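What follows is one structure encoded as structure tokens, with my remarks underneath.
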Amino acid sequence: MRVALAVISVIVLALHGVVFENQLHARWQEHQSEYFAQAGKIAPNEAVRAALASRKPAIEQVIVRSFGAERVDRCTTCHIAVDDPRFSEANQPLRTHPAIPGHKFETFGCTLCHDGQGRAVQAKLAHEGGEDWPWPMLPKAMIEANCVQCHTEPEWSHAPHVNAGRRLFFERACYTCHTIAGLSYGSIGPELTEVGRKRRFDYVLAKIENPRASNPTSTMPRQDLTAEQRMDLAIFLKAQQGGSISRAPLAQFVAGQQQRPEWLPVERIVGPDAERIRLLAPAAQGEALVPKVGCFSCHKLDGHDGGVGPDLAYTNSQRDQAWLMRHFEDPKSVVPGSVMPPYPLPREVFEALSAYLLGRTPPALPAGPAEQFAQLCSRCHGTAGKGDGVIAKYLDPQPRDLSKAAFMKTKTRDRLVASLMNGVPGTSMAPWGHVLGQQGAERLVDYVLTEVVKGAGPKLAHREIPGHNPVPYSAASVARGQATFLNRCWGCHGKKADGHGPNAEDIVPRPRNLRNGPFVRGVAYSRLHESIKYGVQGTAMPAAGFDFALDDAAIGDLINFIYSLNGLGESASAAKVAAIPSTSIPGNER
Amino acid sequence: MSQEPGFLTNLRQLPKNLWRSLFRNPLPSSDLGRSQTTFSNFFLHIHPIKTHVNSLRPLYTVGLGVISFSLFVVLVATGILLMFYYVPSVEQAHNRMLDLNGTVAFGALLRNMHRWAAHGMVAAVFLHLCRVFYTGSYKPPRDFNWVVGVLLFLLTLFLSFTGYLLPWDQLAYWAITVGTSIAGYAPWIGEDIRFLMLGDRLVGQEALIRFYVLHVAVLPALMTTLIGVHFWRIRKDGGLSRPADADLPEAQKRYPVAVEEKLDGLAPLAKTQKTRTFGVLGLVRGPFNKVGNTPDNTVYSWPHLFVAELFTFALTVLVVLVVAMLVAAPLEAPADPTHPPNPSKAPWYFLGLQEMVSYSAFWGGVGIPGLMVLGLLLLPYLDRSQLGVGEWFSRQRILAITLFTLFVIVNVVLIAIGTFFRGPNWSFVVPW
């Protein structure tokens, strides 16, 4: 025991020796000694040489008080020759800093431009600031992100990366979701006003490269950018540090209080080209604006494909001017589950974009239905029709799995053709009738039914479906329907009837959003009644008429409740009569 | 008549007399000297003159009590030094951390030692608690000392928790936000407790100064007092627990061997002999004070106990020193109340609570932990059987040991899940 005690005591003492040695002979002291020695050799006279020889290493620091919060920069403790022009060829840390007119070390310090952790006097700690330090030293090319904190004039020529990044911020539609105070007002994504101060550069870069890198539930679409473009965008974002340090606090306060404008000036988004574009004809204006305002960051058109939104090439045979304008102003008013943000642009821009999209000639249609399916359907429904196309995850409701026989084989051919021809209102399913024609649509449906659907569907018994609501619309009926809904339906459809009930997460396809006004208005009464009474085969929707013993009157109440959610009320329930029988019932087919 | 010493003689003998007055006794070489040294030294007299051999078995105590106390000593020493630089202000605290890490002489080492010793103390105190349980040492007459020990464990947690906020970085800010929110889940008074701790609705300057005062004054004073009580009770409750048969039968008893004593001018006392007489000591209440020929298996504390304690202390210092030299204490970005990291996690020893809170705020944050603490406090009054005392994992206590082991495993597993298996949005992640 005594021997062990002695050994341990000696080790502890020795470790103290190491600690003292490290403390008393720091690297910065060696750097300073080396500087004194070298400067002594080239000293002009004996007096200077003697002064240098008698100088002892000491911590040097610059306290910067002119720019926001006080900074203490001790960088010159090692970089002691930054203002000694004779050391321009020396090795770091003893090299001269290139002179920048008007930027004195004693006023600006170092970290104001370079970042890093100014209080440390160990190279690694000072440069990287430790694992979680938000401002590690910037590589030379990125320093402009800090220059523009003071040099706020737009398109400042010494900040090419920041300028390119700003253009990308608009071209890639970042501005529609993100707010940068004074620049954009999007409210879908996180505010980026202070992102450059709060986040490390590498975090921002990784987030641009893969939005889900740090947050697996991010809905931000991944952008197809080159490495240089990502870098430009990251440098631009690094420059967003929440108001400029060169501005007075009062000016920043006033800027922060500015009212959110209804739309952004086109000049801010397009840049100096705006004047030229404004003189063009509407369609030509639209053509020039489409790549500038961010359409390509999601949509497909000609050679571009953002991989998020539908193909715009067929717009002129699917949508009219009124639909497009409503959609531009508020996409959710026509497709409630749309991920497209409302565009903060003036009405003239929407008109120009509509004119361009409606004036385009759609691409030639391939002859065979297989090729047609590949060109028109697979972007959403997937190449095998399983509802897993490249943009499927951004669509709500998600595209139907066309290979599922339980669903496809229990619907009449006419209903499928009608959905294809007319589209499904309130969803991303567009009307393809003008593109395909009646015969083409039927051919495509037949192709899907024979080639895409796998297996046979279940046999269905005879169904009795009232053509109109047996219960007249009334407040009492709505109340009864609501009671039934809160008893039977909310587990999947959610208490708000928005399709997000507690069970919804595990259900594919997702439960219908019953607050989707365009959809509820767009389908016949009999289809709603049938879906509730007999369930929807191929989905999780049970046959409530049997499972929950709801009679036709109870289902009528339920539908009145759903109508009340979508502002339909009395006017709607009376009129709806099914034009097409929606389910194929054996022995009842046309 | 002896001559009065002259001034010059006094001057010549000054060092010797100073030494003698300081230590009273020469380095002991006899049992009498060993007794007197222990007895007359302020710092040693908290120990008994003789220590039972069972208390010196390294595998019996694992030295955990001494390790915990050694860590406390290290924490007090490094903490006082850190106080010279620290300023409990939201504007300055983080900058002071940067200065400590980067520029202050020995600053980074002190900070690292303080940080790792604090984490180590939470672990060591808990392991000490486990040792005491598994050897059945909480049973009467040591029942109240167990209660003091549990209070010391809670104080250790609270000291570590209050210290966690002081660097004022993101880690600190959000850990304390989470930790104090857990306290807010207590029914009726939860929000008031939280407000009392923070002095505000959010963690801010008021919380920082409160935590600072608690951390450097209130809690250490309480801790020191309770440690004193804890040590005092060990002596008064009959020393460390030991098995009933730890005292040898008469035939194998070891008696101190009489040796030629160098008395160094001290008045000779009675030679150590088989029959001893006790004065006041004989009247001291307690089951283990021996009078006459009762079984005896003790050795002198000097040197046996003191060398062992000093060794444990030195080993603890060594480990803290090595860890502090190799691993830097974390320091994240300055606290930013508008920018919570995802996930925000409490300090590791509260992550079991946070994990439980993710299932039920009341039960996870207040109900179950409250029951756990209450159970620990009441344990010696609920389990008063004298079976298996002084024996690790006694088979006679199979039920108690199973239940306690379950308690330990559940807590360790919950902490491990909270620490390693929880990612953004508190969703389950696999750490490899």
Side-chain angles (χ1 to χ4, degrees), chain A residues 1-16 18-20 22-24 26 28 59-61 69-72 74-75 77 116-126 129-136 190-191 193-195 197-200 212-218 242, chain B residues 56 58 91-92 94-110 112-113 167 169-171 303-326 328-334 336 338-343 423-425 427 429:
Chain A
M1 204 57 162
R2 288 178 205 214
V3 178
L5 176 60
V7 169
I8 283 218
S9 304
V10 169
I11 298 177
V12 169
L13 269 179
L15 283 179
H16 276 84
V18 174
V19 169
F20 274 81
N22 286 346
Q23 185 62 48
L24 296 177
W28 62 266
I59 288 179
E60 306 273 334
Q61 63 184 15
E70 183 180 284
R71 289 162 181 264
V72 178
R74 305 197 171 114
C75 315
T77 301
Q117 207 260 82
R119 287 173 180 261
V121 290
Q122 299 86 0
K124 196 174 156 62
L125 199 56
E131 200 180 325
D132 299 302
W133 185 246
W135 312 290
E191 180 167 347
T193 307
E194 297 185 303
V195 68
R197 193 173 62 73
K198 288 185 174 178
R199 294 293 198 182
R200 285 171 68 104
R212 299 197 172 188
S214 50
N215 178 7
T217 57
S218 169
Chain B
L56 293 172
E91 283 86 24
Q92 290 208 48
H94 190 266
N95 283 337
R96 293 291 175 145
M97 289 295 126
L98 296 179
D99 281 346
L100 276 170
N101 267 4
T103 314
V104 173
F106 308 112
L109 183 80
L110 284 176
N112 295 352
M113 283 179 76
D169 62 347
Q170 281 284 77
L171 187 67
H304 296 91
L305 177 61
F306 301 145
V307 169
E309 286 184 348
L310 204 55
F311 172 79
T312 313
F313 175 74
L315 186 68
T316 309
V317 171
L318 176 69
V319 170
V320 172
L321 201 56
V322 168
V323 173
M325 288 170 78
L326 295 179
L331 183 69
E332 296 193 352
D336 183 350
T338 63
H339 180 198
N342 187 1
N425 305 333
S427 57
V429 292

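A quick note: this is a predicted structure, and the numbers were derived from the prediction, not measured. Just so we're on the same page: letters track the sequence lines, and every chain starts at 1.
- Contacts between A:Leu125 and chain B at a heavy-atom distance below 4.5 Å involve the side chain alone, from C-beta outward.
- In this structure, the portion of B:Asp336 lying under 4.5 Å from any heavy atom of chain A is its side chain and not its backbone.
- Between B:Pro303 and A:Arg2 the shortest side-chain heavy-atom distance falls below 4.5 Å.
- To the nearest 0.5 Å, atom CD of residue B:Gln170 and atom NZ of residue A:Lys198 are 9.0 Å apart.
- For the residue pair A:Arg74/B:Thr103, the side-chain donor-acceptor check at 3.5 Å is satisfied.
- To the nearest 0.5 Å, the span separating CZ on B:Phe106 from CG on A:Asn22 amounts to 9.5 Å.
- Minimum interatomic distance between A:Leu5 and B:Ala314 (heavy atoms only, all atoms of both residues): CD1-CB, 4.3 Å.
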B:Leu321 vs A:His16, test: side-chain contact (heavy atoms from CB on, under 4.5 Å). Steps then yes/no.
CA-CA 9 Å; B:Leu321 201 56; A:His16 276 84; 3.8 Å; yes

Check against side-chain contact (heavy atoms from CB on, under 4.5 Å), A:Arg199 and B:His339
CA-CA 10 Å; A:Arg199 294 293 198 182; B:His339 180 198; 3.2 Å; yes

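- Side-chain contact between A:Val72 and B:Asn95 is absent, with no heavy-atom pair separated by less than 4.5 Å.
- The CG atom of B:Leu56 sits 8.5 Å away from atom CE of A:Met1, with the distance rounded to the nearest 0.5 Å.
- Judged by distance alone, with hydrogens and angles left aside, the side-chain atoms of A:Gln117 form no donor-acceptor pair with the main-chain N or O of B:Leu98 at under 3.5 Å.
- Looking only at heavy-atom pairs under 4.5 Å with chain A, the residue among B:Leu331, B:Leu315, B:Asn342 that has the most is B:Leu315.
- B:Pro330 does not touch chain A: none of its heavy atoms, backbone or side chain, sits under 4.5 Å away.
- Heavy atoms closer than 4.5 Å to chain A are found nowhere in B:Ala108, neither backbone nor side chain.
- Neither the backbone nor the side chain of A:Trp28 has a heavy atom closer than 4.5 Å to any heavy atom of chain B.
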